[in-house]
Amino acid sequence: MRATSDRKTVIRVAVLALSVAGLAVAAAALLRFMRSVAANALDGGPALARYPEYYRQIGAYYARGFTTGFFVCYCLMLVAMIAGSWVDERRRARRDVRAADAAMRQAVTAALAGEPAVPD
């Protein structure tokens, strides 16, 4: 049981580290996208004087922003799922320990009262 628990912990920590790294990269790209849109700093130079090229460039920028935003959400979802399942597993383990402790106390109390420790 301990080896499985250690393996799960290693996998969780590795995936959390990977998710946090991906989140940092995606958040930086999203920040660059938002700055370029806010400053109206589009690549393309004089070719943007024609309307069709302008709209293609705007579309490319927003597509890049959408893709980056998607990866931000994906990395956040990974972090939330792993951390949530880890916390849930720890809570369940503590609850099981408390239940076993309460059952042991009840058996000891019953045995001291002269009743059988294990009911028939």
Side-chain angles (χ1 to χ4, degrees):
M1 179 66 184
R2 184 71 183 155
T4 304
S5 178
D6 289 342
R7 184 170 181 249
K8 278 175 108 175
T9 302
V10 168
I11 290 171
R12 284 178 176 159
V13 168
V15 173
L16 274 174
L18 186 64
S19 298
V20 169
L23 181 62
V25 169
L30 187 61
L31 184 62
R32 278 194 312 271
F33 164 74
M34 291 187 329
R35 282 184 181 163
S36 69
V37 169
N40 200 17
L42 299 175
D43 297 333
L48 291 181
R50 299 184 319 247
Y51 286 119
E53 181 61 29
Y54 175 76
Y55 287 115
R56 273 190 231 115
Q57 193 70 23
I58 294 293
Y61 263 72
Y62 278 102
R64 188 173 71 190
F66 174 78
T67 304
T68 304
F70 171 79
F71 282 108
V72 168
C73 292
Y74 181 76
C75 290
L76 281 174
M77 183 253 336
L78 278 176
V79 169
M81 284 178 49
I82 292 169
S85 68
W86 203 347
V87 168
D88 192 38
E89 187 176 290
R90 297 248 182 192
R91 282 183 178 172
R92 190 176 306 121
R94 275 188 265 156
R95 188 173 42 237
D96 291 346
V97 167
R98 274 189 251 130
D101 192 36
M104 179 61 88
R105 285 185 188 156
Q106 185 178 9
V108 167
T109 304
L112 290 176
E115 298 175 10
V118 179
D120 293 328

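In what follows, every heavy atom counts, from backbone to side chain, and hydrogens, waters and symmetry copies are set aside. Residue indices begin at 1 and follow the sequence shown.
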- [ ] Of all the heavy-atom pairs spanning G69 and L30, show the shortest one and how long it is.
- [x] N-CD1, 4.2 Å
Open item on the list: Which residue is it: R92, R91, R90? I am looking for the one with a salt bridge (Lys or Arg N to Asp or Glu O under 4.0 Å) to D88.
Closed with: R92
Open item on the list: Grouping I, L, V, M, F, W and Y whenever their side-chain heavy atoms are under 4.5 Å apart, do M34 and V72 come out in a common cluster?
Closed with: yes
Open item on the list: Are L78 and F70 connected into the same hydrophobic cluster when the rule is that any two of I, L, V, M, F, W, Y join if their side-chain heavy atoms are below 4.5 Å apart?
Closed with: no
TODO: Can you measure from CD1 (I82) to CE (M77) and round to the nearest 0.5 angstrom?
DONE: 9.0 Å
- [ ] For T68 and A29, work out which heavy atoms get closest and say how close.
- [x] CG2-CB, 3.6 Å
TODO: Check whether more than 12 heavy atoms from other residues, nucleotides or ligands sit under 6.0 Å from atom CZ of F33, and answer yes or no.
DONE: yes
TODO: Establish whether V20 and V15 are linked, either directly or via other cluster members, by ILVMFWY side-chain heavy-atom contacts under 4.5 Å.
DONE: yes
Task: Straight-line distance of T9 OG1 to L16 CG, nearest 0.5 Å - done: 11.0 Å
- [ ] Measure the acute angle between the ring planes of Y74 and F71, then classify it against the limits of 30° and 60° as parallel, tilted or perpendicular.
- [x] perpendicular
TODO: Would you name the heavy atoms of C75 and G22 that are closest together and state the gap between them?
DONE: SG-C, 3.6 Å
